[in-house]
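No experiment lies behind these values; they were computed from the predicted model shown. The analysis underlying the following values was restricted to heavy atoms, covering all of them including side chains, and did not include hydrogens, waters or symmetry mates. All residue numbers in this chain count up from 1 along the given sequence.
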Amino acid sequence: IGRTPLCNLPGLVRASSKLLQVTNMRTTRKGGCFSKPSAYHRKECTRSDEHRNMRTQLYIDGSFCPAGDGATLEAVDPATEKVFAKVASGGASDVDLAVRAARDAFDSGIWSGLPAPERATVLRRIAKGITDNLEMLSRLETRDNGKPLPEARWDIKDAAFCFEYYAEMIEADVKADCQTVDVGDARFDSRIWREPVGVVAAITPWNFPMLMAVWKVARHWPPDARLC
């Protein structure tokens, strides 16, 4: 969490979408924002109200909450240059809460102690949730980021694939048990065991909002030292 326009995954999956396709729109940077599109594109974009059911709060310790200081961040539609939502903007106190919650969850063993097949099941459920809402998430991504809809669809498909990929990886790690390393001397027995490393902070850029967040989130959910 931070002063960055980032839509959380639970909010995205729960959202509804009516955004019309906006493609082949020529935009250029001007004064920190995109130049105005044609009147046709402005008209089409303003019909969208998928943001109305979008989660706009922070997700900390299993529940949604506003920023501690009440700060919000405006989400601007690049096609219209209009604010379509205001999302909670987390600060230092919110980060502290999130880190403490993550540490408590880790120490409790709720996730870190869960057998790998069960962790893989959770990751696949998330992947299915993304796939089941592919079109809605893609259109919301286009509105938030301004990229062509076909590219947004590819990004969201890849986000689902990432969860599937790491689900398979943790299952494979369990089957392998531990890795034996040949150090070139028969007198030594060298082995590698993978163990959870703890709380990890991830920073994501803006150019592939959901996909780049998933790259960080999906690969750190399996408590595996190599992935962390």
Under the side-chain contact (heavy atoms from CB on, under 4.5 Å) test, residues paired with [X] that sit two or more places apart:
X	value
D182	none
D61	A101
S190	V181, V183
L97	I60, R100

Report yes if the side chains of [X] and [Y] come closer than 4.5 Å at any heavy-atom pair, otherwise no.
X	Y	result
C65	Q57	no
L149	S138	yes
M210	I156	yes

Pairs under 3.5 angstrom only: tabulate donor-acceptor contacts from the side chains of residues 122-129 to other protein residues two or more places apart or in another chain.
unit_1, atom_1, unit_2, atom_2, d
R124, NE, E164, OE1, 3.3
R124, NH1, E171, OE2, 3.1
R124, NH2, E171, OE1, 3.2
K128, NZ, D132, OD2, 2.7

Partners of E168 by salt bridge (Lys or Arg N to Asp or Glu O under 4.0 Å), sequence neighbours excluded?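 Salt bridge (Lys or Arg N to Asp or Glu O under 4.0 Å) check on E168 returns nothing, list empty.
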Contacts of type salt bridge (Lys or Arg N to Asp or Glu O under 4.0 Å), residue D107, not counting sequence neighbours: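 Salt bridge (Lys or Arg N to Asp or Glu O under 4.0 Å) list for D107, sorted by chain: R103.
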Backbone N or O of L114 within a donor-acceptor pair of the R119 side chain at under 3.5 Å?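 Judged by distance alone, yes, a pair lies under 3.5 Å.
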Clusters formed by hydrophobic residues whose side-chain heavy atoms approach within less than 4.5 Å: which one holds V76, and what are its other members?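 Same cluster as V76: V83.
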